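Comments concern the structure below.
Keep in mind that what you see is a predicted model, and the values were worked out from it rather than measured.
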Amino acid sequence: MHRFVSAAGRAAGRVPASCRGAGEEGLRGAVGRPRRGARLPPEGTARWSSAAKASAVKINEKASREKILTLESMNPQVKAVEYAVRGPIVHKAGEIEKELRKGIKKPFTEVIKANIGDAHAMGQRPITFLRQVVALCTYPNLLDSPSFPEDAKKRARRILQGCGGNSLGAYTASQGINCIREDVASYIEKRDGGVPADPDNIYLTTGASDGITSILKILVSGGGKSRTGVMIPIPQYPLYSALISELDAIQVNYYLDEENCWSLNVNELRRSLNEAKAYCNPKVLCIINPGNPTGQVQSRKCIEDVIHFAWEEKLFLLADEVYQDNVYSEGCQFHSFKKVLYEMGPEYSNNVELASFHSTSKGYMGECGYRGGYMEVLNLHPDIKGQLVKLLSVRLCPPVSGQAAMDIVVNPPVPGEDSYSQFIKEKESVLNNLAKKAKLAEDMFNKVPGVHCNPLQGALYAFPRIFIPSKAIEEAKAHKMAPDMFYCMKLLEETGICVVPGSGFGQREGTHHFRYSFCLINEMNCNNLSTTPILSFLIRYKNLYLNSCSLTFCWTFFAVEQLGQRPALLSSPSDSGVCSAC
């Protein structure tokens, strides 16, 4: 009579009393597997015999098999990829945020993510005109609204006319919407003082990273000593080292000159190239200008020297110029590689292969989330041009909203249009504010002995050098960490400030740094050594590990002198850096 379980019983997961215990064995069948059509009760709704439980465990063990994808079987190139900007320290920051939300007490109330140049996340306001045009493109019914200016509507209509079905939701050509590529070409011509730009050489991309990835994919080839070598600056933006690992290319480091404001020296390029020729085929030279993470702006003379070097050595040039609007220091000016190349004459402009990149993510826009960007590629072989378009077609097209955002960057309001006065006011406000923040950050770090920050000429970051005591280095090694990673972890755990260790960007042996995005800095939080978390940490860290002075100054003396707590036993630092307190 209990052969069938009622529908209501099945829905509730119940088994009649007479089917429990030994009856469960019957449901399972002679070999310990459920008979077809039989329903087993959920855990906790019926009494399972010991034999039944053991049988279930045995079944699970038999049912599980080795995973196809493991750390041993995965693509070794992907396994080798490291991206410090979102690496272990950011993972730790995420864990701390979860703990704070659970009410776990910390010496701070929030995590401050200074690890990345995400301007809007750090409080920068969007540019009104850009958002208006993207909103109109996204919801065209707003084109009838009197709340939007006519110049925004004009641009939105033009963009939509370039989209299939007049919709931002349609795929576009793989190279991007044609009218936007035309606007990019016009922008480049105007920026470079009339140097011609061909829309056919413009490729809209998913941020600058997508363009860099695509070009490197085409460039990397060969095996053994003929494998492509890619020359990158050290320090570098970790995208480059990550891509080189992923593509199984050879990373060729050249060092920027920290003692001369992170300048680029052609003699160093030559040293790096000549050494690399022994183990690979160097054929790509990457330049980041303005610099990330170092914040320098290269002079025109430097750019001329680099172009001549690339022409002489037959190197393909990659010019990462996403911070071209972020130039702050007096006497510094952004010079595009494209402009300098053309002004050097046809011997260079007709022969040097150059890809340059720009993005919506930086500058005064800070629109990281739209993932808009472009690249201009010059002197590409016609056959390779077809291969590049083929490669880009695999990802169909860049995000169309990002293409629209990029259009407003290159085609902003002009004098005489409705939105010009508000646009220029907002743009100048953002850039002036960033210039002020750059100077505040530079001065803040240089207040602390043992920390040195070069002038921040451009971009969005400080990359101060920190002098880590030998005892701290030993402790870091004991924890199997790089000294600056250990340092940055301590900074995060004690202050909630998340920065990226210099080892993630590369640095000369024996030096230590960290990258700090100054987007969130303000005058109130960087003037007082005793109340500024990052500065007070710098001092505490040195005092913790310096029982005796090994530097050219005394940390203990400095700390108490600045904080107004100088004890009587303390004397001034001697020339050797040792004081009576140490």
Side-chain angles (χ1 to χ4, degrees), residues 82-85 87 89 115 229-242 244-245 250-276 278-280 282 285-298 302 305-306 309 320 442 445-446 448-459 461-474 476-477 480-489 491 499-516 538 541-542 545 550-552:
E82 292 185 4
Y83 187 64
V85 173
I89 197 142
N115 61 296
V230 182
M231 299 179 69
I232 63 172
I234 298 296
Q236 51 103 22
Y237 176 49
L239 166 72
Y240 292 95
S241 54
I244 290 167
S245 293
I250 306 299
Q251 180 172 319
V252 179
N253 297 339
Y254 67 87
Y255 290 91
L256 301 176
D257 186 357
E258 184 172 9
E259 304 306 316
N260 288 291
C261 203
W262 299 110
S263 63
L264 197 165
N265 189 305
V266 171
N267 290 332
E268 169 61 14
L269 289 179
R270 200 169 303 282
R271 176 207 63 78
S272 174
L273 179 77
N274 290 337
E275 289 182 5
Y279 55 86
C280 70
L285 173 57
C286 303
I287 310 290
I288 308 173
N289 181 50
N292 175 11
T294 44
Q296 85 286 0
V297 179
Q298 301 295 359
C302 174
D305 290 344
V306 170
F309 177 78
D320 184 338
E442 178 189 328
F445 289 119
N446 284 330
V448 183
V451 178
H452 175 72
C453 184
N454 273 324
L456 302 180
Q457 299 172 336
Y461 316 100
F463 196 65
R465 182 174 177 179
I466 48 176
F467 296 87
I468 299 180
S470 57
K471 287 187 178 181
I473 293 173
E474 290 169 9
K477 288 178 180 177
K480 297 182 179 179
M481 288 187 190
D484 48 10
M485 172 63 85
F486 183 70
Y487 180 96
C488 292
M489 278 292 185
L491 174 67
V499 298
V500 189
S503 50
F505 300 89
Q507 54 199 352
R508 282 195 181 274
E509 188 73 26
T511 68
H512 308 289
H513 304 78
F514 62 81
R515 191 186 78 164
Y516 174 87
L538 293 171
Y541 192 85
K542 299 299 184 297
Y545 290 102
S550 58
L551 306 178
T552 56

- Any side-chain heavy atom of D320 within less than 4.5 Å of one from C286? no

- Query: To the nearest 0.5 Å, what is the distance between CD1 (I466) and SG (C453)?
  - Reply: 12.0 Å

- Is any side-chain heavy atom of F309 closer than 4.5 Å to a side-chain heavy atom of L285? yes

- Note, R271 side chain near Y255 side chain (heavy atom, < 4.5 Å): yes

- Within-4.5 Å side-chain heavy-atom neighbours: H512 and Y487: no

- Note on the structure: Scanning both residues in full, the closest heavy-atom pair of S272 with M231 reads OG-CE, 3.9 Å

- Task: Supply the atom-to-atom distance Q251 CD to I244 CD1, rounded to the nearest 0.5 angstrom.
- Result: 5.0 Å

- Task: Mind telling me whether F445 and Y516 have parallel, tilted or perpendicular rings, with 30° and 60° as the class edges?
- Result: perpendicular

- Are N292 and R515 close enough that some pair of their side-chain heavy atoms sits under 4.5 Å apart? yes

- Rounded distance (nearest 0.5 Å) linking atom CD of Q236 with atom OH of Y254: 10.0 Å

- Which residues satisfy the side-chain hydrogen bond (donor to acceptor under 3.5 Å, both in side chains) test with Q507, sequence neighbours excluded? D484, H513

- Under the 3.5 angstrom rule, does the side chain of N115 hit a backbone N or O of V500 as a donor-acceptor pair? no

- The side chain to side chain contact (heavy atoms under 4.5 Å, CB included) partner of T294 among Y237, F463, Y461 is F463

- Closest heavy-atom pair and its distance - S503, A482: OG-CB, 3.9 Å

- With sequence neighbours left out, what residues match E258 under salt bridge (Lys or Arg N to Asp or Glu O under 4.0 Å)? none

- How long is the span from the CD atom in Q298 to the OG atom in S263, to the nearest 0.5 Å? 7.0 Å

- Task: With rounding to the nearest 0.5 Å, note down the distance linking CD in E259 to CZ in R508.
- Result: 9.0 Å

- Query: Heavy-atom distance under 4.5 Å between the side chains of V230 and Y240, does that happen here?
  - Reply: no

- Task: Check G229 against C280 and note the closest heavy-atom contact, atom names and distance.
- Result: CA-SG, 3.8 Å

- Hey, could you give me the CG/CD1 distance between L256 and I234, rounded to the nearest 0.5 Å? 8.0 Å

- Is there a side-chain contact between D257 and E268, using heavy atoms and a 4.5 Å cut-off? no

- Report yes if the side chains of P455 and E442 come closer than 4.5 Å at any heavy-atom pair, otherwise no. yes

